[in-house]
Amino acid sequence: AKAAGGRTYRFYDAKMNDEAASRMRIRSHLARAVEKNELSLLWQAQVDLSNGSFCGVEALVRWTHPELGQVSPATFIPVAETTGHILPIGTWILHTACRQAAAWLAQGLQISSISVNISMVQFIRGNVELQVAEALRSSGLPPSLLKLEITESVFMHDKDTVLETVDRLVKLGVKLSIDDFGTGYSSLSCVQRLKVDAIKVDQSFVRGLPGNAGSCAIVKAVIDMAKAMELAVVAEGVETQEQCDWLRQNGCGIAQGYLFSKPLGASDFENLWAHAAWR
Ligand code: C2E
Ligand code: CA
Ligand code: CA
Ligand code: CA
């Protein structure tokens, strides 16, 4: 199909060079992002659909570089995973999130869970249980409030290693949740063996609610399966009232998305938490 002309090739080459160059720039600047204090966390509320109250919050990392500007985590996390910088970055995220959550508890915000994304690389080779234990110890955050979001990609790795890591995390008393559920490689038996507490329905399925019959069938099946296994279900990327209504009617417990709030800086999040509720 591309034989149609050198133009097409040149277009692709230029684009690929741009992308490669951009990855190179990201790589070289990422090394010092932590020490230069360029990372920050945003916070996105999770809503209990049974009563409209806030229940949890997810920490989402942001990187602002003086020249590159805001670089999306969807861009820089994969680069950090290949360079290994995800390990110090992931440690920074864990510590910062736990410290902020402990401060909120001390201020009286009744947050029942704080979710932190854990990269597959961090999970597989980062001594993640030591990092988590240290973040809990230094912040004083009760372990049961910390929920680690892992993706199905961890299942591609040696099962024994993954299960041992999970066991050590469970012993620490933290919770586990499977992010982007339905987009990756997990089987139902993996979910069962992993002792997870919650499943996050990927936003690509939520987007199709309530109009797309296929999306409805998938989300319904995930909710029913989670119920049978006594797992919590969180729907992510909820943008419309129609999606929210469908999810509530079909037994989804928790929702997260722009309908309720975008990810916010800490002080905006505090205001939201203090003042808003959905019914
Ligand atoms: P994710 O963990 O699946 O996070 C959900 C993404 O959807 C976030 O994008 C969030 O801002 C966005 N989002 C939330 N509500 C809505 C909505 O209603 N509609 C739409 N269209 N989007 C919504 P973000 O913050 O850009 O993060 C993208 C991905 O980068 C994350 O996907 C996660 O895989 C990764 N990431 C973000 N923060 C971290 C982190 O602290 N550590 C690690 N390892 N990965 C992170
Ligand atoms: Ca997540
Ligand atoms: Ca997700
Ligand atoms: Ca995702």
Side-chain angles (χ1 to χ4, degrees), residues 26 30 33-34 38-47 56-64 69-101 113-126 128 131-132 135 146-154 175-184 186 196-209 219 222 232-244 247 254-265 268-269 272 278:
I26 289 172
L30 209 46
V34 170
E38 292 164 357
L39 299 178
S40 58
L41 294 182
L42 295 184
W43 304 88
Q44 189 176 34
Q46 300 180 328
V47 175
V57 57
E58 178 178 2
L60 293 157
V61 71
R62 293 294 178 265
W63 178 28
T64 312
Q70 276 261 6
V71 187
S72 160
T75 305
F76 79 80
I77 295 285
V79 177
E81 287 177 333
T82 65
T83 60
H85 289 120
I86 190 63
L87 300 180
I89 289 173
T91 301
W92 181 89
I93 292 169
L94 267 170
H95 279 259
T96 308
C98 289
R99 202 184 317 122
Q100 178 64 77
S113 103
I114 138 129
S115 295
V116 175
N117 292 283
I118 301 292
S119 135
M120 186 252 288
V121 173
Q122 196 185 357
F123 188 85
I124 299 298
R125 29 169 226 129
V128 70
Q131 305 297 333
V132 170
L146 181 60
K147 195 178 276 189
L148 305 177
E149 296 195 357
I150 56 177
T151 60
E152 295 163 296
S153 53
V154 301
K175 305 267 164 61
L176 288 173
S177 128
I178 300 188
D179 206 354
D180 304 345
F181 188 76
T183 61
S186 62
V196 299
D197 303 274
I199 281 176
K200 291 188 86 167
V201 182
D202 191 65
Q203 42 186 283
S204 60
F205 304 120
V206 172
R207 204 169 299 135
L209 306 177
V219 177
V222 173
V233 191
V234 182
E236 63 176 16
V238 178
E239 295 184 353
T240 70
Q241 190 60 49
E242 289 71 30
Q243 291 166 347
C244 179
L247 287 161
I254 299 170
Q256 180 181 348
Y258 297 164
L259 175 65
F260 311 104
S261 170
K262 298 211 163 187
L264 300 172
D268 288 339
F269 177 77
L272 178 79
W278 278 267

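Each ligand, and each atom within it, is numbered from 1 in the order the structure gives. Since this is a predicted model, take the numbers as computed values, not measurements.
- In summary, Glu236 places no N/O/S atom under 3.0 Å from the Ca ion (ligand 2), failing the contact criterion.
- Contact of the Leu39 side chain with the Thr96 side chain is not registered, since no non-hydrogen atoms from C-beta on lie closer than 4.5 Å.
- In Glu58, the N, O or S atom that comes nearest to the Ca ion (ligand 2) is OE2.
- Contacts between Gln256 and ligand 1 below 4.0 angstrom, taking non-hydrogen atoms only, are absent altogether.
- Among the backbone and side-chain atoms of Asp180, no N/O/S atom is found under 3.0 Å from the Ca ion (ligand 2).
- Smallest separation of non-hydrogen atoms from Ala255 and Val238: CB-CG2, 3.9 Å.
- Heavy atoms from both the backbone and the side chain of Ser119 come within less than 4.0 Å of ligand 1.
- A donor-acceptor pair under 3.5 Å links the side-chain atoms of Asp197 to the main chain of Leu176, judged by distance alone.
- Which parts of ligand 1 touch Asp180 is read off a 4.0 Å heavy-atom cut-off, strictly below it: atoms 3 (O).
- Across all their heavy atoms, Ser261 and Leu264 have their closest contact at OG-CD1, 3.5 Å.
- Residue Pro73 comes nearest to Pro78 through the heavy atom pair O-CD, 3.5 Å, listed as atom of the first residue, atom of the second, then distance.
- Restricting Glu149 to its N, O or S atoms, the one at the least distance from the Ca ion (ligand 2) is OE1.
- At a cut-off of 3.0 Å, Asp179 coordinates the Ca ion (ligand 3) through an N, O or S atom.
- Remark: ligand 1 atoms within the under-4.0 Å shell around heavy atoms of Glu236 are 3 (O).
- Contact atoms of ligand 1 toward Ile93: 40 (C), 41 (O), 42 (N) (distance under 4.0 Å to a heavy atom of the residue).
- Judged by distance alone, the side chains of Gln44 and Glu58 never bring a donor and an acceptor atom under 3.5 Å apart.
- When non-hydrogen atoms are compared, ligand 1 lies under 4.0 Å from the side chain of Asp179 (C-beta onward) but not from its backbone.
- Residue Pro263 approaches ligand 1 through these ligand atoms, each under 4.0 Å from one of its heavy atoms: 11 (O).
- Panel note: side chain Gln243, backbone Glu239; a donor-acceptor pair is recorded below 3.5 Å.
- Summarising the geometry of Pro263 relative to Tyr258, their closest heavy-atom pair is CD-CE2, 4.1 Å, with the distance given to 0.1 Å.
- Between atom 19 (N) of ligand 1 and the options Arg62, Glu239, Glu58, the minimum heavy-atom separation is to Glu239.
- Proximity to Gln44 (heavy-atom distance under 4.0 Å) selects the following atoms of ligand 1: 14 (C), 15 (N).
- For Ser115 against Glu149, the heavy-atom pair with the smallest separation is CB-OE2, 3.4 Å.
- With a cut-off of 3.0 Å, the Ca ion (ligand 2) has an N, O or S atom of Asn117 in range.
- Counting all heavy atoms, side chain and backbone alike, Cys244 lies closest to Phe260 at SG-CZ, 3.9 Å.
- Remark: ligand 1 atoms within the under-4.0 Å shell around heavy atoms of Gly257 are 15 (N), 18 (O).
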